[in-house]
Amino acid sequence: MSDKKQKKQHKLKARLPRGFVDRSPADIRATDEMVAKIKAVYERYGFDPVETPIFEYTDCLGKFLPDQDRPNEGVFSVADDDEQWMSLRYDLTAPLARHVAENINEIQLPYRTYRAGWVFRNEKPGPGRFRQFMQFDADTVGAPGVQADAEMCMMMADTMEALGIAHGNYVIRVNNRKVLDSVMLATGLGGDEEAWRRLAVMRALDKRDRLGLQGVIQLLSPKGRVDESGDHTPGAGLSDEQITRLLNTFGWGEEGSGSKSSVSSGITIGNLIDRLEQYEVSAEGARELQTINELVRSAGYGEDQIDIDPSVIRGLEYYTGPVYEAELLFPVTNEKGETVVFGSVGGGGRYDGLVKRFTGQDVPATGFSIGVSRLMTALKNLGKLGQEDVVAPVLVTVMDGDTASLGKYQKFVQDLRQAGIRAEMYQGNWKKFGNQLKYADRRGCPLAIIQGSDERERGVVQVKDLIEGKRLSGEIADNVTWRESRPAQVEIAEADIVSEITRMLAEHAEDRAKSS
RNA sequence: GCGGGCGUAGCUCAGUUGGUUAGAGCGCUGGAUUGUGGCUCCAGAGGUCGGUGGUUCAAAUCCACCCGCUCGUACCA
C-alpha cells in the first residue's frame, strides 16, 4: 500500500449530524438583535430571566404526557454514570415546571419569568425544521385567572409590534381547551373509549391550513385520505352529521353559519355560547374567552391584533384552558417560488397540571413560546432584520517582520481600536504581500494601512481604499498599470491615522446610506 | 415510520448499448509579479465514482441490500 493511500485512510470525513447547523456571523448577529428586542418587551412587562440546564432527568421531562405512548421517542437521551437516564430538553416549559416545583418555597408566586434557549428534538429534520432550535418563552406561574392569559396575549402582540411587524401582518388567535372539549362532547365524542377519536379529530382540524377544508373533511370521515404518494391516512370515522356539527361550530361550514361567521369577536363568542348551550354542553370555556376578549379590548387591543377564534387547536396535550397562537399573515415566496402565508411563529396556553405533578399542590400557570429561528426567517422576508451589515475591520498590513516594526503596526491597530474602530494586524505569512491585500479584499475590509521602510523613515503611512479601488478596477485591464497606479491610495502622516481613518469610514457610511 | 426521486473532485455537473489510465467549469495552491486586490496566462494538488455483496472476461454504468440527501405523507411535547 502506498503512503498516499495510507494517509487517505486516516483522513476523517468532516460532517455535521443531520438536522443540525453551523451558525454564520450574520445569523448570530441577527438573532442577537431580535432576541434583544423581545427581551426588552418582557422586561417592560416586569418579567425576570431564569435559565435552566439543557439536560434534565428523563422522568422530569415527558412521561406525564397522555398522548405519549412511547416515552423516549423523540428525545436525545443518555445514561448518567449512576445509570439514571437524562435527556436533552425538548421545550422550555417542562424544565420551568421542574425549577418552580424544586424551589417552590423560595419563589414568590405569581412568578413572572422569561428565558431563551436551545431545545432538541430527535425527529426527522426537514426544510426549516432542525433537531436543535431556539425558543424564547415567557410564563406566569401561580396565576389562576384568565387575566394572566389575557396579559400573555397582549405581550405577544407587543412583541410582534416591537419586531416591526405591522398591524394586519400578524394576529394573536385565542381559543380555549375547554371549548374544544365541549365541542367534542357535543359531537358525541365524550368518554375514555373515544379518546383516540378526539385526538384524530384534533389532528385533522389542525391540518386545515395545509390540506384545506376538503382534506380535513376526508380525515374526519371514515374513508380517510390518500396523499400524492398513494399513502393512506385512516380517517376519524365521523358521520356526516357529526362533521357538519363540528365545522359549523367553528364557522368553517356554509357561508354565514357558525360562530366565526361574524366580524366581531363579541358576536363570535355570543354565537359560540348559544350553540354550546343548544347542544347542552358546558359553555364555561366560551365565557372565559368572553372575559379575555373584554380585557384585551379595554386595554386598547383591536381585533386585528388579538382575535378570538374557536378553531385554534395547538397540539399540546397538557393545555388545560386558554390557548393562543401568534400567526403571521403576510405572504412570502418560498424556495419553490410559490407564494404562501407564513403561518404560526409561536404559541402557548394554560397548563395548570404541570407543576402539580411534582408538588401535589395546585400551581396554575400560563405561558407561551416563540420559535426564534422561524420568526427570524419571517423577519428577513419582511426586510426587518440584518439590514445594516457589520463593517469588516481596517487591516494594518505587515511589510517588515522585525519586532520594532511589528510593534509600530500593533500600535496603529491599538490606536484605532481605542477610537472604537474595528482593526486588526495581518497575522498570516506577511512575506507574501499580495496575499495580505487579497485577504483584506475577501474579508471585505474597507481600508488597508501600509507602511514599509520608506514610509516609516518619513513617518507616514499609505491608506488604501479597497472599496473605491474595487470600483476603479473595472477601468484598468492591464495588471502592470493596475499595480503601478496604486488606485485609491493616499499618503497620510502617522499622527493623523485615527482622524483620517475615521473620516474615510464616515464617507463610506454616507455612500452606503445613499445607495440603499 | 411509509412511498417516490437522486448520490461521480471542495462546489456545479458531463461520462454513449457495460470496454484501455474517469473528465470539464468554478474554487484551491504555486509561478509570471521578492512593496500592492481585480484581469490574463502557465503549472500543480485534489476521486475508495455513497457503502457492501452479486452478475460478467470486464461495472461509475446491470442486480440486491444498506447508508445519505431530497420530495410527499405520518408523527411532532
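Just so it is clear, the values below take in all heavy atoms, side chains as well, and ignore hydrogens, waters and symmetry mates. The sequence lines fix the lettering, A, B, ..., with proteins before strands; numbering per chain opens at 1. The model shown is predicted, which means the values in this text are computed figures rather than measured ones.
Separating the CZ atom of R129(A) from the C1' atom of U70(B) is a distance of 15 Å, rounded to the nearest angstrom. The nearest whole Å value for the distance from the CD1 atom in I313(A) to the P atom in C76(B) is 13 Å. One interatomic measurement links the two molecules: CH2 of W482(A) to P of C41(B), which rounds to 18 Å at whole-angstrom precision. Going from atom CG of N435(A) over to atom C1' of G35(B) covers 13 Å, rounded to whole Å. The interatomic distance linking R18(A) (CZ) with C71(B) (P) rounds to 13 Å, in whole Å. One interatomic measurement links the two molecules: OH of Y439(A) to C1' of U36(B), which rounds to 17 Å at whole-angstrom precision. Residue Q218(A) contributes atom CD, which lies 11 Å from atom P of A74(B) at whole-angstrom precision. Regarding L447(A), its CG atom lies at a distance of 14 Å from the C1' atom of G37(B), rounded to whole Å.
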Next on the checklist: Applying salt bridge (charged side-chain N to carboxylate O under 4.0 Å, His left out) to R177(A) and D181(A), what does each step give before you reach the verdict?
Outcome noted: CA-CA 6 Å; R177(A) 209 54 184 226; D181(A) 290 343; 5.3 Å; no
Next on the checklist: With salt bridge (charged side-chain N to carboxylate O under 4.0 Å, His left out) as the criterion, how do E51(A) and R115(A) come out once you've worked through the C-alpha distance, each side chain's angles and the decisive distance to 0.1 Å?
Outcome noted: CA-CA 6 Å; E51(A) 191 177 294; R115(A) 76 224 74 93; over 6 Å; no
Next on the checklist: If you apply the rule salt bridge (charged side-chain N to carboxylate O under 4.0 Å, His left out), what do you find for K408(A) with E455(A), and how did you get there?
Outcome noted: CA-CA 12 Å; K408(A) 288 207 75 169; E455(A) 287 89 354; over 6 Å; no
Next on the checklist: Is there a salt bridge (charged side-chain N to carboxylate O under 4.0 Å, His left out) between R112(A) and E151(A)? Walk through the geometry before answering.
Outcome noted: CA-CA 11 Å; R112(A) 300 155 71 79; E151(A) 183 184 50; 2.8 Å; yes
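Nucleotide G44(B) is matched to C28(B) when pairs are restricted to Watson-Crick or G-U wobble geometry with both distances under 3.5 angstrom. Partner assigned to C2(B) is G72(B), using Watson-Crick or G-U wobble distances below 3.5 angstrom. Base pairing analysis places C49(B) opposite nothing; no Watson-Crick or G-U wobble pair with both distances below 3.5 Å involves it. If you check U36(B) for Watson-Crick or wobble pairing at under 3.5 angstrom, you find it has no partner at all. The base-pairing partner of G19(B), taking Watson-Crick or G-U wobble contacts with both distances under 3.5 Å, is C57(B).
When each of G35(B), U73(B), C75(B) is scored by its nearest atom to the side-chain atoms of F433(A), the top-ranked nucleotide is G35(B). Closest to the side chain of S453(A), out of U36(B), G35(B), C76(B), is G35(B). The N479(A) side chain lies nearest to U33(B) when the options are G35(B), U33(B), C75(B). Residue L466(A) has its side chain nearest to G37(B) when only G37(B), U36(B), A74(B) are considered. Side chain of K124(A), nearest nucleotide from C69(B), U36(B), G1(B): G1(B). Set against G35(B), C75(B), U36(B), the side chain of D454(A) has G35(B) as its closest nucleotide.
Among the atoms of the strands shown, only primed sugar atoms or phosphate atoms (P, OP1, OP2) are found under 4.0 Å from some heavy atom of K432(A). Across all strands, D465(A) comes closer than 4.0 Å to base atoms (heavy-atom distances). Across all strands, Q489(A) comes closer than 4.0 Å to base atoms (heavy-atom distances). Note on T397(A): nothing from the nucleic acid sits closer than 4.0 angstrom, heavy atoms only. Within 4.0 Å (heavy atoms only), G452(A) reaches at least one base atom of the nucleic acid. Heavy atoms of L472(A) sit nowhere under 4.0 angstrom from any nucleic acid atom. Contacts of K431(A) with the nucleic acid, taken as non-hydrogen atoms under 4.0 Å apart, involve only primed sugar atoms and P, OP1 or OP2. If you check every strand for non-hydrogen atoms under 4.0 Å, E455(A) touches a base.
For the side-chain contact (heavy atoms from CB on, under 4.5 Å) with V50(A), the qualifying choice from V100(A), L96(A), D139(A) is L96(A), the only one to do so.
Each of S473(A) and R442(A) lies near RNA chain B, and the nucleotide nearest R442(A) is the one positioned closer to the 5' end. Each of P17(A) and E123(A) lies near RNA chain B, and the nucleotide nearest P17(A) is the one positioned closer to the 5' end.
Look at K464(A) and you won't find any side-chain N or O under 4.0 angstrom from OP1 or OP2 of G35(B). The side chain of R483(A) places no N or O atom within less than 4.0 Å of a non-bridging phosphate oxygen (OP1 or OP2) of C39(B).
Look at the P atom in both G5(B) and A64(B): the space between them is 12 Å, to the nearest Å. The gap from the C1' atom of U20(B) to that of G27(B) amounts to 31 Å, rounded to the nearest Å. Distance check on atom C1': A60(B) versus U52(B) gives 16 Å, rounded to whole Å. Atom C1' of A14(B) sits at a distance of 11 Å from the matching atom of A22(B), rounded to the whole Å. Rounded to a whole angstrom, the distance from the C1' atom of A9(B) to that of C26(B) is 12 Å. Using atom C1' as the reference point in both G23(B) and G31(B), the two lie 25 Å apart (nearest Å). Rounded to the nearest Å, the gap between the C1' atom of C71(B) and that of G54(B) is 31 Å. Nucleotides U61(B) and G44(B) are separated by 31 Å at their C1' atoms, to the nearest Å.
Note that the CD atom of E56(A) and the NE2 atom of H99(A) stand 10.5 Å from one another [nearest 0.5 Å].
A 4.5 Å side-chain heavy-atom check between T159(A) and Y42(A) finds at least one atom pair inside the cut-off.
In terms of the ring pair (Phe, Tyr, Trp, His ring centres under 6.0 Å) criterion, residue partners of Y439(A) (sequence neighbours excluded) are, by chain and number, Y426(A).
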